[in-house]
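Data block below; observations after.
Any value given below was found using the heavy atoms of this structure, including those in side chains, with hydrogens, waters and symmetry copies removed. A note on names: the letters A, B, ... follow the listed sequences, proteins ahead of strands, and every chain is numbered from 1.
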Amino acid sequence: MTPFDYQRAADAAGAVAAGVRGGAKYLGGGTNLVDLMRETIERPDCLVDVSCLSGGIDETPDGGLQIGAGVTNAAVAADRRVRERYPLLAQAILSGASAQIRNMATVGGNILQRTRCGYFYDDAARCNKRRPGDGCDAVDGFNRNHAILGASPACVATHPSDMCVALAALDAMVTVEGPAGPRQVPLIGLHRLPGDTPQIETVLEPGALITAVTLPPNGISARSRYRKVRDRSSYAFALVSVAAGLEMEGDTVKDVRLALGGVAHKPWRALAAEAALRGRLLTDAALQGAAEAELSPARGLRDNVFKIDLARRVIVDSLSSLAQAREIVR
Amino acid sequence: MRWTINGAEVDETVDVRTSLLDLLRERLHLFGAKKGCDQGACGACTVLVDGRRINSCLALAVQYQGREIVTIEGLGAPGALHPLQKAFVEHDGFQCGYCTPGQICSAVAMASELRDGAPSYVTEDLTAETIDVTPEEVRERMSGNLCRCGAYNGIVDALTETYAPAAEADKREAA
Ligand SMILES: Cc1cc2nc3c(=O)[nH]c(=O)nc-3n(C[C@H](O)[C@H](O)[C@H](O)COP(=O)(O)OP(=O)(O)OC[C@H]3O[C@@H](n4cnc5c(N)ncnc54)[C@H](O)[C@@H]3O)c2cc1C
Ligand code: FES
Ligand code: FES
């Protein structure tokens with residue numbers, strides 16, 4: 001680890017004042033940042049500890065919930081309001097990492113965690129995220145865990161968060177405090193696709209501080225499920241995950257939410273599949289067609305072609321089991 | 001910097017780069033918590049902070065100032081074993097023992113999470129008030145602690161035996 005100064009922020013304004021300085025980084029639970037610093041992939045000269053800021057979960061006037069960026073992943077998943085009104089979010093968080101890591105990890109840090117691509121972690125490999133213009137060793141390398149949607153020749157890494165996949169399906173908004181004052185960014189617009197600049201991972205300006213995530217009132221809690229497919233049944237990142245929510249009117253799809261994890265450089269809201277289903281009769285053919293609509297642009301690499309079929313099957317199976325499931329009325 | 005470690009006030013000057021695990025082992029010579037991977041992937045370094053389990057290898061000691069830290073040395077001692085330590089011996093919950101301090105710290109926190117009714121990924125009803133201590137729940141909740149010797153069956157037996165009766169008693173009390 002390269003040397004750094006440590007300071008604990010007293011409030012958001014103080015954090016931003018310290019955080020906008022080039023070389024400074026915010027510290028949440030440290031479960032990603034400390035690891036990357038130890039590998040000298042991140043080399044901040046100042047850590048601004050924001051883990052003690054924004055630690056509450058509050059009702060919003062319109063009946064939603066606002067979750068502070070400093071709340072731990074474990075506390076979000078254990079919150080009774082989240083479990084009752086946003087079960088998709090609780091499940092997604094509980095599917096991720098381990099109890100120990102969820103106790104440390106914060107909401108803000110989870111959103112801005114970096115990819116687990118092995119070449120990003122290996123300083124001896126070429127990686128356009130670490131050294132823009134260097135090339136990407138994953139494109140022709142071991143790429144079983146890599147992206148099938150929205151990738152570019154410059155980068156095929158995935159965003160590893162489970163929590164963000166649920167937030168994408170739930171239409172969550174992210175509150176950001178920056179040099180230019182506070183603003184709201186929809187979670188599905190926060191992360192970028194890699195394009196030619198995979199080192200720029202979000203639309204946030206340097207020094208921007210995430211202070212909260214807001215969930216709108218409708219948590220699609222009556223029929224929703226987070227399904228995660230991985231190499232072992234726990235404590236592993238997703239190969240493919242699906243956050244799905246369904247609202248039915250008889251046999252017709254009134255509303256549907258679908259987001260995918262493990263497949264792209266960002267949590268992937270499956271808008272094409274949703275559009276293909278909304279207002280339609282929920283038949284097998286409609287489900288297959290919706291999955292096809294989303295996945296027809298998908299491209300496999302040497303080791304991850306299987307993910308395209310896997311994603312198709314998990315989408316179809318998740319939605320058809322939700323359609324058959326008894327509605328949970330609360 | 002100052003912490004409470006196993007009930008005692010500790011005051012040390014350390015580099016800000018020092019992990020909580022290195023503080024415990026290298027500075028304070030508390031060798032219970034182990035360094036398995038140093039990247040959050042094995043759980044051998046698990047300790048309790050204010051009663052909650054964390055991986056001390058990913059924790060910067062500086063960030064945990066003022067907090068109450070408990071390691072395996074604070075849970076039991078030769079001659080005064082923690083009930084879980086006894087259960088591990090009885091059920092062959094270890095072979096080499098390298099993962100055991102982490103397993104036991106982790107399990108102590110798991111028990112309090114269960115008492116609080118916190119769900120896991122395998123909990124069918126997320127809104128249930130109480131959760132049964134089944135082997136399936138225990139396996140999922142303990143998945144952050146790997147065991148190279150594969151003593152998992154003994155570990156699960158030790159934990160279900162120790163905590164399932166307590167959970168049953170809690171339920172009877174509630175009813
Ligand atoms: C072994 C292991 C297994 C894992 N498995 C999974 C898994 O299966 N699924 C999954 O989803 N995740 C998994 N994770 C990742 C884990 O969820 C993340 O490391 C964690 O969520 C990051 O949160 P943190 O608070 O520790 O972030 P930190 O490490 O503190 O920070 C991460 C990044 O976010 C920035 N940051 C932090 N807070 C803010 C803020 N408020 N505003 C702006 N920037 C901020 C930091 O500067 C840093 O760049 C795993 C991690 C490990 C180590
Ligand atoms: S040493 Fe900390 S998790 Fe492996
Ligand atoms: S007993 Fe040897 S690693 Fe678990």
Side-chain angles (χ1 to χ4, degrees), chain A residues 1-8 27-39 46-47 49 51-52 72 74-75 77-105 121 162 221 226 228 232-236 328 330, chain B residues 1 15-22 37-66 102 105-107 109-110 113-114 116-129 136 139-146:
Chain A
M1 241 185 253
T2 48
F4 58 86
D5 292 325
Y6 169 90
Q7 65 186 79
R8 203 173 282 194
L27 176 67
T31 59
N32 188 221
L33 186 53
V34 169
D35 193 22
L36 289 168
M37 286 167 64
R38 201 170 270 148
E39 301 293 330
C46 176
L47 282 188
D49 186 349
S51 62
C52 295
T72 65
D79 187 275
R80 190 149 275 285
R81 294 161 296 179
V82 173
R83 282 150 62 186
E84 285 174 1
R85 285 150 57 187
Y86 306 95
L88 196 53
L89 177 59
Q91 280 168 355
I93 291 174
L94 292 170
S95 79
S98 66
Q100 289 93 318
I101 292 169
R102 295 192 297 270
N103 276 336
M104 305 172 77
Y121 263 79
D162 290 297
S221 57
Y226 189 73
K228 180 172 177 179
R232 58 181 184 201
S233 60
S234 187
Y235 203 13
I328 300 169
R330 293 213 173 86
Chain B
M1 299 182 204
D15 189 297
V16 290
R17 290 172 285 184
T18 311
S19 68
L20 183 54
L21 178 61
D22 285 342
C37 67
D38 218 19
Q39 37 185 257
C42 76
C45 64
T46 303
V47 300
L48 305 175
V49 174
D50 301 332
R52 300 191 187 280
R53 46 181 165 168
I54 68 158
N55 292 334
S56 60
C57 68
L58 291 181
L60 292 174
V62 62
Q63 191 178 22
Y64 286 82
Q65 291 173 87
C105 287
S106 190
M110 176 199 77
E113 291 159 15
L114 277 164
D116 294 344
S120 82
Y121 187 57
V122 300
T123 309
E124 212 39 66
D125 179 4
L126 284 182
T127 61
E129 295 284 340
E136 196 198 8
R139 281 180 191 279
E140 166 59 26
R141 288 166 188 271
M142 291 296 292
S143 71
N145 292 84
L146 304 191

Is chain A contacted by the side chain of [X], its backbone, both, or neither, given a heavy-atom distance below 4.5 Å?
X	result
B/Cys45	neither
B/Ala59	both
B/Ser120	backbone
B/Asp116	neither

What are the two closest non-hydrogen atoms of [X] and [Y], and how far apart are they?
X	Y	value
B/Leu58	A/Thr31	CD1-O, 3.6 Å
B/Tyr121	A/Tyr226	OH-O, 3.4 Å
A/Phe4	B/Arg17	CE2-CG, 3.4 Å
B/Thr127	A/Arg83	CG2-O, 4.0 Å
A/Ala99	B/Glu113	CB-OE1, 4.3 Å
A/Ile101	B/Gly40	CD1-O, 3.4 Å

Spatial distance of atom [atom1] ([X]) from atom [atom2] ([Y]) [nearest 0.5 Å]:
X	Y	atom1	atom2	result
A/Ser51	B/Gln63	OG	CD	4.0 Å
A/Leu47	B/Leu60	CG	CG	6.5 Å
B/Leu146	A/Ser98	CG	OG	9.0 Å
B/Asn145	A/Tyr235	CG	OH	7.5 Å
A/Ser233	B/Glu140	OG	CD	7.0 Å
A/Asn32	B/Gln39	CG	CD	11.5 Å

(message) Any non-hydrogen side-chain atom of B/Pro119 less than 4.5 Å from a side-chain atom of A/Leu94?
(response) yes
Please identify, among [options], the residue contributing the most non-hydrogen atom pairs under 4.5 Å to chain B.
options	answer
A/Arg232, A/Arg80, A/Arg102	A/Arg80
A/Glu39, A/Met37, A/Met1	A/Met1
A/Cys52, A/Ser234, A/Ala78	A/Ser234
A/Arg38, A/Arg8, A/Gln91, A/Lys228	A/Arg38

(request) Report yes or no: does A/Asn103 contribute a side-chain atom to a donor-acceptor pair with the main-chain N or O of B/Ile54 at less than 3.5 Å? (result) no
(request) Verify, without hydrogens or angle tests, whether B/Arg52 (side chain) and A/Met104 (backbone) share a donor-acceptor contact under 3.5 angstrom. (result) no
(message) So for A/Leu33, is it side chain, backbone, both, or neither that comes closer than 4.5 Å to the heavy atoms of chain B?
(response) neither
